[in-house]
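Right, one structure below, let's go through it.
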Amino acid sequence: MKRNISLVKGTHDIHGAEMEKFEFIIEKFYSICRNFNFKSIQTPILEQQDLFSRTVGEQTDIVSKEMYSFLDKGEAYICLRPEATSSLARFAASNYQSGLLKLITHGPMFRRERPQKGRYRQFHQINIESIGEKSPYVDFELILIAKLLFDDLGIKENKHRLLINSLGSKEDQIKYAYELKKYLTEFKIQLSEISQSRLDKNPLRILDSKDPKDSEILVNAPKISEHLSEESKNYFNQVKKLLNDNKIKFFEDPKLVRGLDYYSHTAFEFQTNEDKRQNAILAGGRYDNLISMISSRDIPGVGWAAGIERLMDLISLKDEKSESDKKILFAVQDESYLNNNRILKQIYSLRYNHEVRVSKNIKKLFSYADKNNFSFILLIGEEEFKNKKIILKDLKNKNQKSFEISKFELKNEIR
RNA sequence: GCGGGUGUAGCUCAGUUGGUUAGAGCGCCGGUUUGUGGUACCGGAGGUCGGGGGUUCAAGUCCCCUUACUCGCCCCA
């Protein structure tokens, strides 16, 4: 016996009912975004490794240990993208002209983590980015779209919540990091091991720690909101005002720092309370310095990404039996009856949803039609073939009629 | 990288304190007198019990190793 080829760890096939959910999410996403004049784009899955080292950050887990990268024929370090924003920034760096570049995309992302529920090595995201202008309205618009998507997907208010924070400008962050480091250094020995190592490299990330010891210490830590410049504060207030004006509920979380290095100002995250572990389902923020990290241009932007698999876990599709109300099974008792068949040709040209099936056993043809939810069966058995006839049976109301093949017009019978 | 759980038929799983030829449901194939449907009944195919080693008269069952999957930690969407 041959050994089955198994899936690569952390990857999965999507089909059947799951695939319907997958497509449902993408369709809703694209349809909402088109109403806000976003344009879709597809970028390569393969990118230069350097793109992510420079944007996501060398110190992050994503780059330091989760990237699928390899030396391509001894020429260049290539990787499978772990996220899409950097790719879209790369695109914008060379294609942005003026105004707002509004982009949406979706596709597979790759991170070599230990797989578990809601977490895969190849997973899928939908992404949206508004690049070119720094304005509270642009930030708000993206959060609004996220909200509309949740509504359209039927994810109820009580199943998710929106957290927001402002990380301030680059200057604010430098000043705040200094203050935070000063405070945390006093407690250095009490901090978790990881947090201790972050103290020098990226103290802001410590705010994200879930270690109870760290949380205790962080209670009295300086807050970024207290270290924002007037300008940054005003900016954030305007975003919040727009959210309030539009009745979008949110919680301000001063400890929300995104795990990637390129964020500044507005940061947000939609969390679910259905799953305590993988609770982040949609996250993003403003990244005014991102494009300057990978090019000589300085263009502000904002965007978010959502995990399709995580969204799939939160939605349930009703059985949409209306899938096709006129699916036809074209059934014959002998393969040769299919040759030069004028009714099959009608099916092709009229684009009927159909399937062709051959079996000597008529009972099996009917039971196949039944099990697979066909609404009509077109049957040519031995007898019909001899007499140049065809049977049409409506499987819902069980009406059956016989026709001369030469005169049969499908469009008159099934509309 | 570190823990816990599980690997028995195509799928979902039983398999009792170790004890003859390893079971069920679903699915598949065939049949229940002639060519008509989710039902019922009958029959059939299909398994190196994840792999390796050990204990024993005897291992799917106990022990060790290994591997895969899975759920958590970390981190993230």
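Here is the naming used below: chain letters follow the sequence lines, and residue numbers restart at 1 for every chain. Computed from heavy atoms alone, side chains included, the values below leave out hydrogens, waters and symmetry copies. Every value quoted in this text rests on a predicted model; they were computed, and no experiment measured them.
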Per the atom types in the model, does the base of B/G37 pair as donor or acceptor with the side chain of A/Lys363 at under 3.5 Å?
-> no

Closest to the A/Ile362 side chain: B/C76, B/G35, B/G37?
-> B/G35

A/Lys364 vs B/G35: side-chain N/O to OP1/OP2 distance below 4.0 Å | no

A/Arg357 to A/Tyr368, cation-pi by 6.0 Å centre distance and 45° axis angle = yes

Between N or O atoms, less than 3.5 Å apart, protein on one side and nucleotides 65-71 of chain B on the other: list the pairs.
residue	atom	partner	partner atom	Å
B/C69	OP2	A/Lys9	NZ	2.9
B/C71	OP2	A/Lys117	N	3.2

Should A/Asp253 and A/Ile164 count as side-chain neighbours, where that means a heavy-atom distance under 4.5 Å?
-> no

Please state whether the base of B/C75 and the side chain of A/Arg111 form at least one donor-acceptor pair under 3.5 Å?
-> no

Do the rings of A/Tyr262 and A/Tyr287 sit parallel, tilted or perpendicular, given the 30° and 60° boundaries?
-> perpendicular

Think A/Asn361 has a side-chain N or O under 4.0 angstrom from the OP1 or OP2 of B/G31?
-> yes

Nucleotide of B/C28, B/U36, B/G37 approaching A/Lys371 most closely (side-chain heavy atoms) = B/C28

For A/Gln271, report the nucleic acid contact type (base, sugar-phosphate, nothing); a contact means any heavy atom under 4.0 Å.
-> nothing

Any protein N or O atoms within reach of nucleotides 5-9 of chain B? Criterion: under 3.5 Å, listing atom names and distances.
none

Between the base of B/G1 and the side chain of A/Glu113, is there a donor-acceptor distance below 3.5 Å?
-> no

Take atom NZ in A/Lys223; do more than 12 heavy atoms of anything else shown fall under 6.0 Å from it?
-> yes

